[in-house]
Protein chains: 2
Amino acid sequence: MKKHKEILSRFGINKTQFRIDLLSLFFDCKSALTIHEIFERFNKKINKVTIYRALKSFEQKGLIHQVPDKNNLKKYSLCNLDTCSPDLHNHQHGHFICYSCDQTFCLDDSTVKILKTSSGHIVKNYNLILEGYCTDCNSSQTISQN
Amino acid sequence: MKKHKEILSRFGINKTQFRIDLLSLFFDCKSALTIHEIFERFNKKINKVTIYRALKSFEQKGLIHQVPDKNNLKKYSLCNLDTCSPDLHNHQHGHFICYSCDQTFCLDDSTVKILKTSSGHIVKNYNLILEGYCTDCNSSQTISQN
DNA sequence: TAGGAAAACGCAAAAGTGTTGCGTTAATTA
DNA sequence: TAATTAACGCAACACTTTTGCGTTTTCCTA
Ligand SMILES: [Mn+2]
Ligand SMILES: [Mn+2]
Ligand SMILES: [Zn+2]
Ligand SMILES: [Zn+2]
């Protein structure tokens, strides 16, 4: 799509076919992606090292950001392209991790509010991780657990 | 120390010299520990597999809990031993990660409050990650960023 | 639009993190 | 003290991520 090429240009990333498709995938995906999931989405046709390097580049340029994951895997999700730029990531938002399907979702700003902070530390950014059962998993099964 | 042995007994963990010392280390440490840091603290005299297994055991028995880390390493910190027990971890508290020294600190409950949550997801647990400059790093240098 | 510079790519190898199997040693329980 | 159980060290393995290097593609500018 034209839009994706323009974005890559704007963020100073060469427009190779793979990187166009990768950005497109991030736009399509509502939950965060692991390297493995990306590899699968490309039918294992693309070298994993290429994926790693593209992700690192995207992250440095402010296109995507890492999201937390229970299994210590790196997951990535699209940044707000209006507020993020190279080396200036600005996402003070929460993430929701589903116990059941293991997906991680970005939550928009309005979902949660941090009330106050008081300690000797200077807070520059925050990330609230909520865990539980996502909308889909919740509606498709009954959970009886605390 | 006598106290540490008693705690190990109470949580059903054998009192080997290493595990006594490891618990002692967690009590001494104000920030979360990685396997590597523990290895160093024991002067590389203890096998890393032993550390991994002790950490897993401690976590399962409710002595320690994992804390988030920017680099996707596993870090561990002491639980509130009054509220945590085998398979019933109860720590809804925040963590602070320092941009500068990379340490992770547990924040006590009063430091931050979550105001509200509204989405289709069912929240069972949360973990707030604050990022910035810790007390020590802040006082020892001037930061000019954002 | 041709040609040189820079970025991205694939492949192989290495580094880093965490786990598993197994025989031995140490701690617990009776 | 003897039997049972847990912890330990070592080696090997699995998995994730990084690095080196030569080749290919994209970019930029003459
Ligand atoms: Mn996000
Ligand atoms: Mn904690
Ligand atoms: Zn789910
Ligand atoms: Zn610090």
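Labels below follow one simple rule: chain letters A, B, ... track the order of the sequence lines, proteins then strands, and each chain is numbered from 1. Since the model is a prediction, treat every value here as computed from it, not as a measurement.
Residues meeting the salt bridge (Lys or Arg N to Asp or Glu O under 4.0 Å) test with B:K75, sequence neighbours left out: B:D69. The side chain to side chain contact (heavy atoms under 4.5 Å, CB included) test applied to A:K2 returns A:E6, not counting sequence neighbours. With sequence neighbours excluded, the residues forming a side-chain hydrogen bond (donor to acceptor under 3.5 Å, both in side chains) with A:D21 are A:Q17, listed by chain and number. Checked against side chain to side chain contact (heavy atoms under 4.5 Å, CB included), A:K45 has the following partners two or more places apart in sequence or in another chain: A:N43. Listed by chain and residue number, B:C79, B:H89, B:H91 satisfy the side chain to side chain contact (heavy atoms under 4.5 Å, CB included) test with B:C84 (two or more places apart in sequence, or in another chain). Listed by chain and number, the residues in a side chain to side chain contact (heavy atoms under 4.5 Å, CB included) with B:K5 are B:K15, B:I20 (sequence neighbours excluded).
For A:D136 and A:Q103, the side-chain atoms include no donor-acceptor pair closer than 3.5 Å.
Between the axis at the start and the axis at the end of the helix from C:dT1-D:dA30 to C:dA30-D:dT1 there is an angle of 40°, using five pairs per end and rounding to 10 degrees.
The list of salt bridge (Lys or Arg N to Asp or Glu O under 4.0 Å) pairs with a residue in residues 94-105 of chain B, not counting sequence neighbours, reads B:K70-B:D102.
Rounded to whole Å, atom C1' of C:dA27 lies 12 Å from atom NZ of B:K5. Between the CZ atom of B:F11 and the C1' atom of D:dA6 there is a distance of 19 Å, rounded to whole Å. For A:F39 and D:dC15, the CZ to C1' distance is 14 Å, given to the nearest whole Å. The CG-P distance, from A:L8 to D:dT25, rounds to 19 Å in whole Å.
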Reading nucleotides 7-19 of chain C from 5' to 3' and marking B where a protein heavy atom lies under 4.0 Å of the base, S where only the sugar-phosphate is that close, and - otherwise, the string is SSSBBB----SBB
